[in-house]
Amino acid sequence: MTESAKSGAGEREPTAVRHRAETWLHAFEEALTERDTARATGMFAPTCYWRDLVAFTWNLKTVEGHEEVETMLRSVLDSADPSGFHLTEEPTETDGVIEAWIAFETAVGRGRGHLRLRDEGAFTLLTTLYELKGHEEPEGERRPMGAEHGARRDRVTWAERREAVLEGMGRSHQPYVVVVGGGQGGIALGARLTRLGVPYLVIDRHERPGDQWRGRYKSLCLHDPVWYDHLPYLDFPRNWPVFAPKDKIADWLEMYTKVMEVDYWSSTTCLSAKHDEETGEWTVVVDRAGEEIVLRPRHLVLATGMSGKPVVPELPGRDRFLGDQHHSSRHPGPDAYRGKKAVVIGSNNSAFDICGALWENDAEVTMVQRSSTHVVKSDSLMDLGLGDLYSERALAAGITTQKADLTFASMPYRIMDTFQRPVYDRIRERDREFYDRLERAGFLLDWGDDDSGLFMKYLRRGSGYYIDVGAADLIADGRVRLAHGQVTGLTETSVVLEDGTELEADLVVYATGYGSMNGWATDLIGREVADRVGKVWGLGSDTTKDPGPWEGEQRNMWKPTRQEGLWFHGGNLHQSRHYSLYLALQLKARYEGIPTPVHGLQEVHHLS
C-alpha cells in the first residue's frame, strides 16, 4: 500500500526538483488554457495514468495512455476550465521520480492533487475536487453563530428546529436525498450533506445508530487500526484503542450521529422505491415504527454495505437439521454453545473470528475450508502494509489522515498490484514460520491470484482473506479442527461434505459471504433497474470473482450509475470517510443546479 512508483534516473538538487515540477505545471496549465489537448497529452509519459475524482469528469474515472487522456480532455476542458495549478509543498524526488502535491481551480470548484513526474513526462496524476465555489462548508470564520442574541417572541430553539426537520420529512417537506442504510457509510455521508446544506434523510431499520455493530457476535472488533478508521470531521480521541471493540464503535456512531446533526430515522424500513423518469423523482415507501410514509427525493443512495446481501447456500437437508443454523451476520456469539459441536462453513475473517470465540467458550469447533484463503498477521499488516500512511510514525512524519487518503488514492488501480507484491513478499518472509505451521496443519493458503495480497483481494472481490488476530494459531495447533471440500447437505445432526465425510454439529454457521450490492437494488427497486446498473464493486481485473473487462475504478461506487438518481455508497471506514466527500459534492452540485456533465459513465458488463 505504501510503495512508491520509481524509476532508475539520477536525482536532482531540491531547487532543481521544484523548478522541474513548477515548469511542468505551468506548461500544463498553459496548454489547457489554450485548449491544446495534443500538447497537454504530450506532457504525459508514454505509459501514464490520470485519476480524476469529480474535479474534471464529474465522475470517478481513471484514464490510461495518451489516447484516453486526450479523449477525456476534449470532452471536459470547456466545462472544467481549470486554472491556478501550483505546488502546495516542496516536491521530493526518489529514484528519478518527482512527487508533488498540487492545488488548482475549476470553473465551479477547488481541487487538490498529486503528480508523479518522470523525465519523459507525467507518470501519474491525481485530481480531486474538495469544495464548490460559493458553497464552501461553514467552518472557521464561516462557522454559524448558533445562538441568536436579542429578544423575540417567535424564537425557535435548536432542539425545536431539529425536531421540525426530522418530523416534517415526507409531510411538510421532502428530502432531496434519501440514504438507505445508517451504518458508518450512511452516517458519514449524512455528516457531509449536513455541512453542505443539502436536505436529506438517512433511514435504518435498527432501533439505534450503531446497532449494526451491537447486534454482531460479541468478540467482533475492528481489524483495521484506529488511524485508518476515522470518520469525517471528528477523529477518534488520541487514547482510542488501536482495535476498537464492536460495542465501542457502536456507541461512537450513535454519538457521532447526534453531535454531527445527521438527519436520521431509526426503526425505519425501506419497503420499495420507484423512479419516475418524467419528474425525475423517486417514490420511496418506508415503514417507520409501524407508520407508512412516502418520501419523494430526487436522489436515492443505497448505503447498505459494500458486501451486499448475505449468501446462504441452499443445501439439501437444511430443513431437517435439528440444531441451530444461521449466517455469520446473524451469529449471536458463543455463549449458548458451550460444550456443543460447532461447524463453521468458510475460512475468511468472520469464520476465523467465530471459530476463535466458540473455542474460547469450550465448544468443539470445526472449520470447513472450501477454497484457499489469504492470511496476514495483524502486526505485520500494521507495520509493513499500513505503517507509512496510517500509524503514529506516519503522524510524526507529517502524514495527516487527509494526506494519507490522497496518497493511497494517487496510485492507479491498474498498477497497484505491482507495488503491493513487494510488501507481501516481506510479510511472507517475516512470518515464514507462521505460514509453515498453517500449511503443515493442512490449511490452504494463497496470496491472491497474482501474489498481490490483501488489499487487492479486498478491492477486487471484498473477500478471500483473514487479518489474523490470533485465531489462526488455533488451526495451526489443531485446537480448531479443519475440514476441506464443498458442503453437499445436512442431516438431522451433521454437515455432509462432498467426499461423504459427516461432521457432527449442534450449530452450523454459514460464514459464506455476501453478494453484490445490487441485490438490494433488486429487492427495493426491481430487477430491471438492478440489471440496468449492473454489478457493484470490483475492478474488472479478470481475477477470481472479479471478471473483466478492466473498469479502472470500483464498479458503480460513489459515482453516477446507469440509473438516473441512484447511487451506491459504502466500504470500510476509510472508504466511507474518503469517498463520502466526492459523493456529497456530486449531490450538492445537482441540488444547486450546477451543471455536472459526466465523462465516462460506467459501462455494464455484468449483472450481479
Side-chain angles (χ1 to χ4, degrees), residues 161-194 198-215 253-254 256-258 260-306 308-310 329 517-530 533 536 561 563-570 576 580 583-584 587 590-591:
R161 186 171 61 251
R162 290 287 298 143
E163 183 179 8
V165 168
L166 286 171
E167 296 307 312
M169 288 288 186
R171 298 182 176 90
S172 62
H173 54 272
Q174 292 289 345
Y176 184 72
V177 180
V178 166
V179 182
V180 180
Q184 66 254 18
I187 289 171
L189 179 59
R192 300 275 193 195
L193 294 174
T194 294
V198 177
Y200 72 95
L201 181 64
V202 177
I203 64 172
D204 193 271
R205 62 185 176 85
H206 293 91
E207 185 178 350
R208 296 160 56 196
D211 278 352
Q212 303 87 348
W213 288 84
R214 291 186 188 93
L253 292 175
E254 185 171 26
Y256 184 92
T257 301
K258 293 178 180 178
M260 297 306 297
E261 300 185 25
V262 175
D263 293 341
Y264 192 105
W265 276 3
S266 57
S267 301
T268 303
T269 300
C270 184
L271 302 177
S272 66
K274 184 177 181 180
H275 188 258
D276 187 320
E277 301 295 335
E278 292 186 6
T279 65
E281 283 187 349
W282 289 91
T283 299
V284 181
V285 181
V286 304
D287 180 324
R288 188 187 186 199
E291 179 186 4
E292 189 171 291
I293 301 173
V294 177
L295 303 169
R296 302 190 185 279
R298 303 286 295 189
H299 297 271
L300 179 65
V301 180
L302 298 187
T304 48
M306 55 76 57
K309 296 180 65 178
S329 61
M517 279 182 75
N518 85 342
W520 293 115
T522 301
D523 288 354
L524 298 177
I525 309 169
R527 170 55 62 185
E528 181 182 352
V529 169
V533 169
V536 180
T561 69
Q563 171 58 56
E564 180 186 355
L566 179 62
W567 310 76
F568 293 87
H569 172 60
S576 294
S580 59
L583 177 49
L587 293 168
R590 286 161 172 79
Y591 176 67

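Ion pair Glu254/Arg214 flagged as a salt bridge, since at least one NZ, NE, NH1 or NH2 atom sits closer than 4.0 Å to an Asp/Glu carboxylate oxygen. Arg162 has a carboxylate O that lies under 4.0 Å from a charged side-chain N of Asp263, or vice versa, which qualifies the two as a salt bridge.
A distance of 7.0 Å separates CG in Leu583 from CG in Leu193, rounded to the nearest 0.5 Å. How far OG1 of Thr268 is from CZ of Arg205: 12.0 Å, rounded to the nearest 0.5 Å. The distance from atom CG of Leu271 to atom CG of Asp287, rounded to the nearest 0.5 Å, is 5.5 Å. If you take CZ on Arg527 and OG1 on Thr522, they are separated by 3.5 Å, rounding to the nearest 0.5 Å. Taking OH from Tyr264 and CG from Leu201, the interatomic distance works out to 10.5 Å, rounded to the nearest 0.5 Å. One distance of note links CG of Leu302 with CH2 of Trp567; it measures 12.5 Å at 0.5 Å rounding.
Residues Trp213 and Gln184 approach most closely at NE1-OE1, 3.2 Å, considering heavy atoms. Minimum heavy-atom separation, Pro175 to Val178: CG-CG2, 3.7 Å. Contact between Cys270 and Ile203 at its shortest, heavy atoms only, is CB-CD1, 3.9 Å. Residues Pro209 and Ile187 share a closest heavy-atom pair of CB-CD1, 4.4 Å. Between Ala188 and Ser576 the shortest heavy-atom distance is CB-O, 3.7 Å. For Ala191 against Val262, the heavy-atom pair with the smallest separation is N-CG2, 3.9 Å.
Between Gln563 and Ile525, every side-chain heavy-atom pair lies at or beyond the 4.5 Å cut-off. Tyr200 has its side chain out of reach of Pro297: every pair of non-hydrogen atoms, C-beta onward, lies at least 4.5 Å apart. For the pair Leu566 and His275, the minimum side-chain heavy-atom distance is 4.5 Å or more. Taking 4.5 Å as the limit, some side-chain heavy atom of Trp265 sits within range of a side-chain heavy atom of Val286. The side-chain heavy atoms of Leu524 and Ser272, taken from C-beta on, include no pair separated by under 4.5 Å. Side-chain contact between Thr304 and Val180: present, with at least one pair of heavy atoms (C-beta onward) separated by less than 4.5 Å. Asp204 has its side chain within reach of Gln212: a pair of non-hydrogen atoms, C-beta onward, lies under 4.5 Å apart.
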Stepwise, does the side chain to side chain contact (heavy atoms under 4.5 Å, CB included) test hold for Glu207 with Ser267? CA-CA 5 Å; Glu207 185 178 350; Ser267 301; 4.1 Å; yes

May I have the step-by-step check of side chain to side chain contact (heavy atoms under 4.5 Å, CB included) for Leu587 and Val301, ending in yes or no? CA-CA 10 Å; Leu587 293 168; Val301 180; 4.3 Å; yes

Chi angles and distances behind the salt bridge (charged side-chain N to carboxylate O under 4.0 Å, His left out) call for Arg288, Glu167: CA-CA 11 Å; Arg288 188 187 186 199; Glu167 296 307 312; 3.2 Å; yes

Under the side chain to side chain contact (heavy atoms under 4.5 Å, CB included) criterion, do Val284 and Leu300 qualify, and how do the steps go? CA-CA 9 Å; Val284 181; Leu300 179 65; 4.2 Å; yes

Under the salt bridge (charged side-chain N to carboxylate O under 4.0 Å, His left out) criterion, do Arg192 and Glu261 qualify, and how do the steps go? CA-CA 10 Å; Arg192 300 275 193 195; Glu261 300 185 25; over 6 Å; no

What verdict does the side chain to side chain contact (heavy atoms under 4.5 Å, CB included) test give for Met169 and Gln174, after you've listed the backbone C-alpha separation in whole Å, the side-chain angles of each residue and the deciding distance to 0.1 Å? CA-CA 5 Å; Met169 288 288 186; Gln174 292 289 345; over 6 Å; no

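Under a 3.5 Å cut-off, the side chain of Trp282 and the backbone N or O of Val177 do not form any donor-acceptor pair. Judged by distance alone, with hydrogens and angles left aside, the side-chain atoms of Asp211 form a donor-acceptor pair with the main-chain N or O of Arg208 at under 3.5 Å. Judged by distance alone, the side chain of His569 and the main-chain N or O of Ala303 form no donor-acceptor pair under 3.5 Å.
A side chain to side chain donor-acceptor pair (under 3.5 Å) with Tyr176 is found for exactly one of Arg296, His299, Arg298, namely His299.
The local environment of CD in Glu528 is sparse, with at most 12 non-hydrogen atoms from other residues, nucleotides or ligands closer than 6.0 Å.
Annotation: salt bridge (charged side-chain N to carboxylate O under 4.0 Å, His left out) contacts of Arg161 (sequence neighbours excluded): none.
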